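Notes to accompany the following structure.
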Amino acid sequence: MQFSYQDLVRMALFAALIAVLGLVPRVDLPFAAGIPITAQTFGVMLAGLILGPRNAVMSVLLFLFVVALGAPVLSGGRGGLGVFFGPTVGFLAGWLLGAAVCGWLFRLLLKAMPERVFASALMASWVGGIAAIYPLGVSGLMVVAGLDARSAWIAALVFIPGDLVKGLISAWIVSRLPAVYRT
Amino acid sequence: MISLYISKATWLHRVPAWVKLASLMAASILALSIDTGAVLVLACLVAAALYAFMGRPGLDRLLGLRVVLPIVLALGVLQAWVMSIDQAVVSVARILLMIMLADLVSSTTSMQEMMRVIQPLFRPLSRLGMDVSRLPILVALVIRFVPVLIAQWQSQAEAWRARSLRRPWAAIIPPFLAMTLRRADHIAESLAARRRR
């Protein structure tokens with residue numbers, strides 16, 4: 001299993017895309033543990049759908065590596081090692097899993113129903129971008145912030161509507177892309 | 001790109017990066033084992049003092065950390081509400097302490113140095129076919145792609161405005177992505193042609 005130059009450059013492209021999406025003005029809901037709603041999970045979903053599971057995980061990993069090096073590329077200009085000790089670290093770990101699940105499920109569904117690109121992409125980004133990310137994110141909240149499961153879930157659930165919309169948009173985008181750019 | 005790094009050399013800059021990272025790990029384990037609010041608050045003050053010793057740039061960096069305050073304070077309120085105020089003080093102080101210490105390492109270690117220390121940790125990836133010696137060029141690509149992507153988006157938004165009275169929205173994302181993917185593939189071709197590793 002080798003990475004071609006195309007794989008590598010696309011990985012870098014999506015890592016940069018996730019960084020750029022962090023510049024999109026964010027909406028903070030401070031009453032809900034203030035987890036910033038960022039456009040960045042949107043980048044994670046797109047990476048999964050377009051790059052496929054392996055390259056998408058590598059791309060998110062590369063992004064996190066750049067964060068660890070000290071580049072302020074997370075939404076709100078955050079970055080550096082501090083992020084990995086903050087309450088949202090679980091969500092960052094969730095992105096890795098989410099990108100993998102999203103890419104894997106999209107391939108699977110697309111094989112089963114090749115004409116239903118939108119439906120497959122929507123399913124994949126909802127499962128990968130939400131169902132895979134939240135359990136890890138909430139566990140992070142519980143461990144780092146010492147919240148109990150119930151209040152951690154309540155704090156996180158507020159963001160699910162936004163993520164449902166992000167899934168819809170990514171599915172629509174992928175269904176409008178030329179087929180060569182699909183996994 | 002602006003990094004968190006403070007370029008003015010201080011005593012912390014002279015400490016080897018691996019020592020700073022190892023101390024950070026030790027501190028995180030220690031902080032998790034302390035359950036006394038007062039001790040953690042004291043440790044926070046010590047961490048803040050470390051920033052202050054670096055002078056003006058250090059204090060600016062410390063002030064820059066206020067972006068995390070809404071999240072952390074909201075968590076504290078939630079915790080004071082469902083558990084107890086003591087518990088809330090402990091976890092807020094613990095999170096702030098770790099963020100301050102970790103950021104201190106980031107702001108006194110250059111990207112190159114950090115790369116040298118972190119890179120070996122990624123060595124297991126070579127089992128998946130990922131050549132770790134390529135990481136530096138990938139990081140450079142990511143950082144270079146950021147302004148390129150922004151410029152490309154702006155030019156496409158401008159083209160939309162020239163054609164339409166409505167504001168540019170999701171409609172320009174698919175062509176934007178197709179264009180950037182094509183551009184990435186061109187870069188890959190030229191890298192392959194030069195056999196860059």
Side-chain angles (χ1 to χ4, degrees), chain A residues 1-6 8-13 15-17 19-20 23 28 30-36 46 50 54 58 61-63 65-66 68-73 76-88 141 144-148 150-151 155 169 172-173 176-178 181, chain B residues 1-5 24 28 65 67-68 70-75 78-79 82-83 87 90-91 95 98-103 105-107 109 111 114-115 118 122 128-131 134-135 138-139 141-143 145-146 148-150 153 170 173-174 177-178 180-181 184-185 187-189 191-192:
Chain A
M1 206 167 60
Q2 270 295 331
F3 289 87
S4 66
Y5 285 104
Q6 193 189 46
L8 293 171
V9 179
R10 284 184 173 195
M11 271 154 44
L13 174 70
L17 193 70
V20 171
L23 302 174
D28 260 322
F31 53 87
I35 303 167
L46 281 177
I50 295 173
R54 181 192 66 160
M58 285 299 184
L61 200 59
L62 181 60
F63 172 77
F65 183 68
V66 174
L69 292 180
V73 288
R78 289 176 310 137
L81 296 169
V83 189
F84 297 99
F85 294 95
T88 50
L141 275 179
V144 178
L147 287 172
D148 63 302
R150 203 171 141 264
S151 35
I169 302 177
W172 175 80
I173 289 169
R176 296 284 301 265
L177 270 185
Y181 293 128
Chain B
M1 161 156 310
I2 315 147
S3 100
L4 303 175
Y5 183 62
L24 184 63
S28 72
L65 281 181
V67 290
V68 304
I71 305 181
V72 176
L73 290 182
L75 276 176
L78 190 66
Q79 203 158 41
V82 292
M83 282 177 242
Q87 196 63 47
V90 168
S91 52
I95 294 171
M98 284 323 298
I99 291 178
M100 278 199 282
L101 289 180
D103 234 59
V105 175
S106 285
S107 46
T109 313
M111 272 202 173
M114 197 67 97
M115 180 117 69
I118 305 183
F122 281 72
L128 299 171
M130 182 72 187
D131 184 357
R134 280 174 176 169
L135 264 179
L138 287 182
V139 170
L141 267 177
V142 174
I143 290 172
F145 262 135
V146 169
V148 170
L149 286 178
I150 294 173
W153 176 267
I173 304 178
L177 272 181
T180 50
L181 278 164
D185 291 351
I187 295 172
E189 271 166 34
L191 281 178

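Since we're looking at a predicted model, the values are computed, not measured. In what follows, chains are A, B, ... by sequence order, proteins preceding strands, each numbered from 1.
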Side chain, backbone, both or neither: which part of B/L149 has a heavy atom under 4.5 Å from chain A? side chain
Which distance, rounded to the nearest 0.5 Å, do you find between the OG1 of B/T180 and the CG of A/L17? 7.0 Å
Would you call B/L101 and A/F85 a side-chain contact if the rule is heavy atoms closer than 4.5 Å? no
Are any non-hydrogen side-chain atoms of A/R176 and B/I173 less than 4.5 angstrom apart? no
When rounded to the nearest 0.5 Å, the distance separating CD1 of B/I118 from CZ of A/F65 is 5.5 Å
Within-4.5 Å side-chain heavy-atom neighbours: B/V142 and A/M11: no
Does the Lys NZ or Arg CZ of B/R134 fall within the cation-pi geometry relative to A/Y5 - under 6.0 Å from the ring centre and within 45° of the axis? yes
What option among A/L81, A/L62, A/L8 has the most heavy-atom pairs under 4.5 Å with chain B? A/L81
Just so I understand: if I count every heavy-atom pair under 4.5 Å between each of B/V139, B/V90, B/L65 and chain A, which residue has the most? B/V139
Picking from B/I95, B/L177, B/D103, which has the most non-hydrogen pairs under 4.5 angstrom with chain A? B/I95
Heavy atoms only, distances under 4.5 angstrom: which of B/V68, B/L138, B/L73, B/L141 has the most pairs with chain A? Name it, please. B/L138
Side chain, backbone, both or neither: which part of A/A19 has a non-hydrogen atom closer than 4.5 Å to chain B? side chain
Nearest heavy-atom approach of B/I99 to A/G82 is CG1-O, 3.8 Å
Rounded to the nearest 0.5 Å, what's the gap from OG on A/S151 to CG on B/L75? Could you check? 9.5 Å
Just how far is it from atom CG of B/L24 to atom CZ of A/F84, taken to the nearest 0.5 Å? 11.5 Å
Here the gap from A/Q6 atom CD to B/L181 atom CG, rounded to the nearest 0.5 Å, amounts to 9.0 Å
Please report the shortest heavy-atom distance between B/L78 and A/A155, naming the atom on each side. CD2-CB, 4.1 Å
Straight-line distance of A/L69 CG to B/S106 OG, nearest 0.5 Å: 9.0 Å
Shortest non-hydrogen contact from A/V9 to B/A184? CG1-O, 3.3 Å
